[in-house]
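I'd like to ask some things about the structure below.
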Amino acid sequence: MAKTILIFDSGVGGLTVFREVAKARPDARYVYVADDAFFPYGGRGEAELVGRVGDLMGELIDTHRPDLIVIACNAASTLVLPHLRTRFAVPFVGTVPAIKPACAVSRSKRVAVLGTEGTVAREYTRALIRDFANGSDVALVGSARLAAFAEDELNGTPVADELIAREIAACFIDADGRRTDTVVLACTHYPLLLERLTRLAPWPVTFVDPAPAIARRVADLLGPAASTEPPSPARIAFTSGRSPSPALGAALTRFGIAG
């Protein structure tokens, strides 16, 4: 029987993770759950977020019986993963800022971490910098609006270039003869805007997306494919109960998910 993987995010940003995981394990069944009723997570209090995700995860495990769960959200992963792993027996794979690989590849040793305000404020994120900066100067840049912009774009509501440029401007530091050359995308929504980010950057940088590494970890944990039967189509559920807009429905189809 095919394994069931549950992908969880506050919204549709986790589609960037789903896409890579599904490439790595096309034999699995997929359920994508967007907690849009509580979106955005970035500005939520820590106790509030721990309680919300923990209670919701219990319901989702009872309903879908997943073999593995991917928390495709940096804001949640940097806070709730220890609680989830203590409470539930299902294996969890989290999404955390890719600071170690970014600092390893940076040539100028000037790196920016672009995330939600909650993610860049977490002690978990700061500990990653202390442990893995590798001599790099790491700037933490919190955006209050970029995740919502990505949601708007996927729902067919274009966002002006100048609004996106304003959110990412602080990532680009040119000082002491060194420019930022690597930007960590520490929110799964941000790769949805990658073409815009690349075009609006004041100079070329490497944007680091953790999704491929997450996919490799999932494949390792699941082990060999258990079934050669074609899996059922991936499904999506929104905690608000809403139906996708036509634009979002088309986007989901491009990602390989039935509405």
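What's counted below: heavy atoms across the whole structure, side chains too, no hydrogens, waters or symmetry copies.
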### Query
Considering all heavy atoms of both residues, which atom of V70 and which atom of I214 are nearest to each other, and what is their separation?
CG1-CG2, 4.0 Å
### Message
Please check this pair: side chain of D35 against backbone of S10, looking for a donor-acceptor N/O pair closer than 3.5 Å.
### Response
no
### Message
Using 30° and 60° as the class boundaries, would you call the ring planes of F92 and F88 parallel, tilted or perpendicular?
### Response
tilted
### Query
Does a side-chain N-to-carboxylate-O contact under 4.0 Å join R130 and E123?
yes
### Task
Would you indicate whether the side-chain heavy atoms of L84 and I69 approach each other to under 4.5 Å?
no
### Query
Is the shortest distance from a Lys or Arg side-chain nitrogen in R107 or D181 to a carboxylate oxygen in the other one below 4.0 Å?
no
### Message
With side chain to side chain contact (heavy atoms under 4.5 Å, CB included) as the criterion, how do H64 and R235 come out once you've worked through the C-alpha distance, each side chain's angles and the decisive distance to 0.1 Å?
### Response
CA-CA 11 Å; H64 300 289; R235 295 177 291 126; 4.1 Å; yes
### Message
Taking T95's backbone N and O only, do any of them form a donor-acceptor pair with S77's side chain (distance below 3.5 Å, no angle check)?
### Response
yes
### Query
Donor-acceptor pair, N134 side chain versus A104 backbone, under 3.5 Å?
no
### Query
For K109, does the NZ atom have more than 12 heavy-atom neighbours from other residues, nucleotides or ligands under 6.0 Å away?
yes
### Y41 versus A75, closest heavy-atom pair with distance
CB-CB, 4.1 Å
### Query
Between the side chain of R196 and the main-chain N/O of A165, is any donor-acceptor distance below 3.5 Å?
no
### Query
Does the ring center of F39 lie less than 6.0 Å from the ring center of H189?
yes
### Query
In terms of side-chain geometry, is the basic nitrogen of R178 or D137 positioned less than 4.0 Å from the acidic oxygen of its partner?
yes
### Query
Are any of the side-chain heavy atoms of V31 and I7 separated by less than 4.5 Å?
no
### Query
Sub-3.5 Å donor-acceptor pair from the side chain of S108 to the main-chain atoms of T180, do we have one?
no
### Task
Kindly say whether L197 contributes a backbone atom to a donor-acceptor pair with the side chain of Y190 at under 3.5 angstrom?
no
### Query
Of the non-hydrogen atoms in P210 and A98, which two are nearest, and what is the gap between them?
CB-CB, 4.3 Å
### Message
If I compare all heavy atoms of D67 with all of A2, which pair ends up nearest, and what's the gap?
### Response
OD2-O, 4.5 Å
### Query
Are any non-hydrogen side-chain atoms of L222 and I5 less than 4.5 angstrom apart?
yes
### Query
Is there side-chain contact between R29 and M1, with heavy atoms separated by less than 4.5 Å?
yes
### Query
Does T16 use its side chain to pair, donor to acceptor, with the backbone of G13 at less than 3.5 Å?
yes
### Query
Among V120, V208, V184, V183, whose side-chain contact (heavy atoms from CB on, under 4.5 Å) with L114 holds?
V183
### Query
With no hydrogens and no angle check, is any side-chain donor or acceptor of N74 less than 3.5 Å from a backbone partner on A186?
yes
### Query
Between L163 and L194, is there a shared hydrophobic cluster once you connect ILVMFWY residues whose side-chain heavy atoms come closer than 4.5 Å?
yes
### Query
L248 versus R242: any side-chain heavy-atom pair under 4.5 Å?
yes
### Query
With no hydrogens and no angle check, is any side-chain donor or acceptor of R19 less than 3.5 Å from a backbone partner on G256?
no
#### Entry: Check against side chain to side chain contact (heavy atoms under 4.5 Å, CB included), I71 and V93
CA-CA 6 Å; I71 305 296; V93 175; over 6 Å; no
### Query
Hey, are K23 and E20 close enough for a salt bridge, meaning a charged N less than 4.0 Å from a carboxylate O?
yes
### Query
Going from CD on E59 to CG on L56, what distance comes out if it is rounded to the nearest 0.5 angstrom?
5.5 Å
### Message
Do the side chains of R199 and D161 get close enough for a salt bridge, i.e. N-O under 4.0 angstrom?
### Response
yes
### Message
What's the separation between atom CD in E195 and atom CD in E153, rounded to the nearest 0.5 Å?
### Response
9.5 Å
### Salt-bridge present (R87, D55; N to O < 4.0 Å)
yes
### Query
Roughly how far, to the nearest 0.5 Å, is CG of D209 from SG of C187?
11.0 Å
### Query
Can you check whether A121's main-chain N or O pairs, donor with acceptor, with T125's side chain at less than 3.5 Å?
no
### Message
Can you confirm whether L185 sits close enough to V113 that some side-chain heavy atom of one is under 4.5 Å from a side-chain heavy atom of the other?
### Response
no
### Cluster check L221, Y30: I/L/V/M/F/W/Y, side chain < 4.5 angstrom
yes
### Message
Please verify the inter-ring angle class for F172 with F207; under 30° counts as parallel, over 60° as perpendicular, anything in between as tilted.
### Response
perpendicular
### side chain to side chain contact (heavy atoms under 4.5 Å, CB included) assessment of F38 paired with D36
CA-CA 5 Å; F38 214 59; D36 62 326; over 6 Å; no
### Query
Hey, does R65 have a side-chain heavy atom less than 4.5 Å from the side chain of T4?
no
### Task
Write down the atom of P97, the atom of T119, and the distance for their closest heavy-atom approach.
CG-CG2, 4.0 Å
## Note on the structure
One should read off an interatomic distance between D176 CG and R110 CZ, to the nearest 0.5 angstrom, of 6.0 Å
### Message
Could you see if V50 belongs to whatever hydrophobic cluster contains Y124? Use Ile, Leu, Val, Met, Phe, Trp, Tyr and a side-chain cutoff under 4.5 Å.
### Response
no
### Task
Quick one: pull up CD in E46 and CZ in R122 and give me the separation to the nearest 0.5 Å.
5.0 Å
### Task
Begin from the C-alpha positions of L140 and I129 and carry the test side chain to side chain contact (heavy atoms under 4.5 Å, CB included) through to its verdict.
CA-CA 10 Å; L140 290 168; I129 294 172; 3.7 Å; yes
### Task
Of all the heavy-atom pairs spanning T239 and A37, show the shortest one and how long it is.
OG1-N, 3.1 Å
### ILVMFWY network linking L68 to I257, side-chain heavy atoms under 4.5 angstrom
yes
### Message
Would you say L193 ends up clustered with L154 if hydrophobic residues are merged whenever their side chains have heavy atoms under 4.5 Å apart, either directly or through other cluster members?
### Response
no
### Task
Verify whether the ring centers belonging to F18 and F255 lie closer than 6.0 Å.
no
